[in-house]
Protein chains: 2
Amino acid sequence: MKVQVLYSGGKDSSLAAILLEPFFDVELVTCTFGLERTWENACEAAHEIGFPFKLVKLDPAILDECIDEMLKFGYPRHGISLVHKRALETVAVLGEAKHIADGTRRDDRAPMLTMGEIRSLEDRHGIRYIRPLAGYGRHAIEDLIAEHLEIVEGDTTAVPKADYETEIRSSMKTRLGEETYNRIFPPEHTQSRVLRRYSS
Amino acid sequence: MKVQVLYSGGKDSSLAAILLEPFFDVELVTCTFGLERTWENACEAAHEIGFPFKLVKLDPAILDECIDEMLKFGYPRHGISLVHKRALETVAVLGEAKHIADGTRRDDRAPMLTMGEIRSLEDRHGIRYIRPLAGYGRHAIEDLIAEHLEIVEGDTTAVPKADYETEIRSSMKTRLGEETYNRIFPPEHTQSRVLRRYSS
C-alpha cells in the first residue's frame, strides 16, 4: 500500500514517515508555491533518511487565501491550517495514493484539521488521511526521535522550514512590510531539520 | 524501549501492538477482575500473534465504580471509559514500562480519555501514553487489519471480549438483573477475536 507523506524536512514529518515505513510504501511529498527553492532542503533530508521524494506545486491562490486568513485573525494559526488543508487536497487530487499522511502531533494546535474537515477530505477524495503522531505526546516523540534521527534545531532564520511556510513568510514580508509581518508571526519559532537517520 | 499494550485479544489492540513492534519491545497486558477466565482467550491470541503476555489484576472497587457510573448515565460509555482509565493507572503504577499504549481509535467514543486525563495520567506516573491508532480512520485501520490479521467477528455472546468488559457485563446482570442490564447495554455489540497473524 502506498502512502504519500506531506514532508517539510523536519523531525516530525520524518518520524511520521519512519513509523509508516514497515507497513506502507512511503513517498515523501513537499509542497511549494514555486517562489523559493527551500524545498531543496527537504529533498536532501528525504534522501538522507532514505525515502523517495516528490515535489508538488500549490496553486498561488492558496497563498493569497492564507495571507488573508492570517491578517483576519492577527496570528498565523488559521492560515497555517488552511494552507495545510489545501496541500492535503492538492495531493489527494493527484490520485497517486489512497493513503495520505502528515507529521502533525497530538498536542499541535496548528496545522490542525477539525474532525469535520478530516471526514470531508476523506469522503470527497476517497482517500484515507493518516496522522502517525496523533497518538503520541511530546515526550514519546522525543524518545523516538532521539533513537532514530540526528537533527539540527534553530529559529526560522537559522533553520528555515523547507516547505511552503518560508514562502508564506517571505510573501507576507514583501507584500505587507516588516511591521505587519512581525505583528503576525511570533519572533522565535524553532524549526528542525533532519541531518541523518541512525541505522537500527 | 519497552511498551505495555492494554490487550483484549481483539483486532484493534492487536493492530496497535503490530504498529509498535518495529520501534518498541512490546508486552501485551490484559486486565481482569479475577471473576472469569475470559482472559485466557487474550492470552491465546497474544501467543498467536507472537507477543509476550501479562495478566494484571484490577481492584474490585473499580468494578463497583464502573457499574455506578453506568447506572448514573443509563448507558455504558462513561463506565467503560472510567474502567479503561483505571486500568491504565493500574499498569502505570506497576512501573514496569515508561510507555503504555492501547488500541483506541480516532473515531472511538469509548473508551476515551480527555486531553486533561491523558496529561494527568502522564504527569502523575511519569509515563508516556501512546495510542497508535489515534491517527487512523476506520478505512485505514481495515486496510491494515486485512493485511496483517485473520479475525473472527460476532456479537458479544458468540465472541465475548477477552478483557474485563465481559466481567462487567456479567456482574451487572447478576447484581441488577437482566432487565437493567438490557436497558444499559445495547443488544448488538460486535466484537472481534484475532485468530492468527499473516506472515509479512
Side-chain angles (χ1 to χ4, degrees), chain A residues 1-3 5-6 12-13 15-25 97-109 112-123 125-149 198 200, chain B residues 1-3 5-6 12-13 15-25 97-109 112-123 125-149 198 200:
Chain A
M1 296 191 291
K2 179 172 177 177
V3 65
V5 183
L6 258 63
D12 290 352
S13 50
L15 180 61
I18 289 172
L19 291 181
L20 292 171
E21 186 182 31
F23 309 100
F24 293 89
D25 298 317
K98 201 168 66 172
H99 299 86
I100 298 175
D102 64 30
T104 55
R105 299 171 170 214
R106 181 186 86 186
D107 302 335
D108 278 348
R109 296 191 66 200
M112 187 56 72
L113 274 67
T114 65
M115 271 311 298
E117 289 173 330
I118 290 173
R119 296 219 171 93
S120 163
L121 176 76
E122 292 187 327
D123 293 346
H125 300 286
I127 58 124
R128 293 89 157 93
Y129 171 50
I130 302 176
R131 301 173 55 219
L133 307 189
Y136 291 79
R138 188 165 60 87
H139 295 299
I141 289 173
E142 278 166 9
D143 293 344
L144 286 167
I145 287 169
E147 198 146 290
H148 295 279
L149 294 168
Y198 301 125
S200 51
Chain B
M1 298 191 289
K2 180 173 176 174
V3 63
V5 184
L6 258 63
D12 290 352
S13 49
L15 181 61
I18 289 172
L19 290 181
L20 292 171
E21 185 182 32
F23 309 99
F24 294 90
D25 298 317
K98 200 167 68 171
H99 299 87
I100 299 176
D102 64 30
T104 54
R105 300 170 172 213
R106 180 186 88 186
D107 302 335
D108 278 349
R109 295 191 65 199
M112 188 55 72
L113 273 66
T114 64
M115 273 311 299
E117 289 173 330
I118 290 173
R119 297 220 170 93
S120 163
L121 175 76
E122 293 187 327
D123 293 345
H125 300 287
I127 58 125
R128 292 90 157 95
Y129 171 50
I130 301 175
R131 300 174 54 218
L133 307 189
Y136 291 79
R138 188 165 59 88
H139 295 298
I141 290 173
E142 278 167 9
D143 293 343
L144 286 166
I145 287 169
E147 198 146 288
H148 294 279
L149 294 168
Y198 302 125
S200 49

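The sequence lines fix the lettering, A, B, ..., with proteins before strands; numbering per chain opens at 1. Hydrogens, waters and symmetry mates play no part in the numbers below; they use all other heavy atoms, side chains included.
Here the straight-line distance linking atom CD1 of A:Ile118 with atom CG of A:Asp123 works out to 11.5 Å at 0.5 Å rounding. A distance of 9.0 Å separates CD1 in A:Ile145 from CD1 in A:Ile18, rounded to the nearest 0.5 Å.
For chain A, the nearby part of B:Arg119 is the side chain; its heavy atoms alone come within less than 4.5 Å. Contact of B:Glu21 with chain A is not made at all, since no heavy-atom distance falls under 4.5 Å. No part of B:Ile127 comes within reach of chain A, as not one of its non-hydrogen atoms sits under 4.5 angstrom from that chain.
Using a 4.5 Å heavy-atom threshold, the side chains of B:Glu122 and A:Arg138 count as separate. In this structure, the side chains of B:Phe24 and B:Val5 stay at 4.5 Å or more apart for every pair of heavy atoms.
Legend: residues meeting salt bridge (Lys or Arg N to Asp or Glu O under 4.0 Å) with A:Asp143, ordered by chain and number and at least two apart, are B:Lys98, B:Arg128. B:Glu147 is linked by a side-chain hydrogen bond (donor to acceptor under 3.5 Å, both in side chains) to nothing, counting only residues two or more places apart in sequence or in another chain.
Residue with the most contacts toward chain A among B:Ala140, B:Gly135, B:Gly137: B:Gly135 (heavy-atom pairs, distance under 4.5 Å). Heavy-atom pairs under 4.5 Å with chain A peak, among B:Leu133, B:Leu144, B:Ile130, at B:Ile130.
Between B:His148 and A:Phe23, the shortest heavy-atom distance links the atoms NE2-CD2, 3.7 Å.
Scanning residues 99-109 of chain B against chain A with a 4.5 Å non-hydrogen threshold yields B:His99, B:Arg106, B:Asp107, sorted by number.
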